[in-house]
Amino acid sequence: MDLNMKTAVDPSSPPSQNLNRIRALSTTQERKLVDYLDEKFLQLMRGYKKRSEPTTHLPTLRDYLDASRQILSLIIQIPPIDPSTSLRTAYLLRLTNDTLSSIIGYPPEPESLPEALDWLDDLDQAWLAVLQAQVWDPDTGAGIDLYIHAVDASMGMKSSPMSQTERTRLRSLIVGSSASLEEWLESQREREGEDVENMLQRLGLQAEFDELFSRTLDFLGGLNGIAVESV
């Protein structure tokens with residue numbers, strides 16, 4: 001889908017800053033984006049609810065994660081310029097809630113666990129970028145600092161930080177999901193006589209599991225006066 005979200009480039013700016021010289025979505029662009037994302041979320045929900053039926057397009061966890069990643073890739077590229085900033089946050093919170101509650105609806109097959117942890121790591125990186133009001137660079141797969149030209153700032157261009165309510169909701173989603181994911185793994189693997197720790201170590205995934213959402217939680221902790229290590 002082409003939303004024509006091009007950067008507004010100041011010829012006097014260094015090339016490395018051109019990606020950051022962006023504008024908020026126009027009213028038309030935002031309407032098209034909202035319609036498109038709402039439809040994608042609806043398809044994701046329908047596919048998940050019918051995951052056990054032969055007609056579903058999301059029969060496996062891998063299929064679900066692939067569909068979710070497509071939505072994530074679009075949300076994270078919404079410009080962090082008001083009023084578009086709040087749109088990016090709202091949709092990422094929605095995706096986080098939906099995916100974290102849906103992943104545990106699929107059996108944790110060993111072959112799908114690496115991809116699940118990779119997806120959660122992508123989500124962690126996306127949240128770090130949003131919390132820092134960064135522009136997402138799809139070429140590097142990372143957030144880069146937003147650059148607002150002095151002229152644009154003088155005309156009112158800004159990027160508002162996430163509210164305390166949004167940060168509290170995000171923390172709650174992450175903390176709750178971490179416990180649910182561990183219970184999900186335990187309930188399934190106990191049937192095969194292997195505990196979660198041994199399974200994760202055997203698959204080489206223990207470190208990845210222990211570091212789930214570490215970037216986001218470190219940043220949120222820093223907002224509450226807890227020392228944050230450099231990422």
### Message
Please evaluate residues Q125 and D121 with respect to the criterion side chain to side chain donor-acceptor pair (under 3.5 Å), reporting the C-alpha separation (whole Å), side-chain torsions for both, the decisive distance (0.1 Å), and the verdict.
### Response
CA-CA 6 Å; Q125 293 184 60; D121 185 68; 3.0 Å; yes
### Pair D152 + K158: basic N to acidic O under 4.0 Å
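K158 and D152: not salt-bridged.
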### Query
Can D118 and R69 be counted as an ion pair, charged N to O under 4.0 angstrom?
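Yes, D118 and R69 are salt-bridged.
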### Query
With hydrophobic residues grouped by side-chain heavy-atom distances under 4.5 Å, do M45 and I104 end up in a single group?
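Not linked; separate clusters.
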### Query
With sequence neighbours left out, what residues match Y91 under ring pair (Phe, Tyr, Trp, His ring centres under 6.0 Å)?
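By the ring pair (Phe, Tyr, Trp, His ring centres under 6.0 Å) rule, Y91 matches F41.
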May I ask you to test the [X]-[Y] pair for a side-chain heavy-atom distance under 4.5 Å?
X: T60; Y: E109; result: no
X: F213; Y: L100; result: yes
X: Y106; Y: L65; result: no

### Message
Keeping T85 on the side-chain end and D82 on the backbone end, is there a donor-acceptor pair under 3.5 Å?
### Response
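The answer is yes, because a donor-acceptor pair under 3.5 Å joins these two groups.
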### Query
Which value, rounded to the nearest 0.5 Å, describes the distance between L120 atom CG and F209 atom CZ?
9.5 Å
### Query
Between T96, T89, T216, which is the residue that forms a side-chain hydrogen bond (donor to acceptor under 3.5 Å, both in side chains) with W127?
T96
### Message
Using the rule given for side chain to side chain donor-acceptor pair (under 3.5 Å), can you reason through Q164 versus R167, listing the C-alpha separation, both sets of side-chain angles and the distance that settles it, and then say yes or no?
### Response
CA-CA 5 Å; Q164 184 59 48; R167 294 197 295 266; 2.7 Å; yes
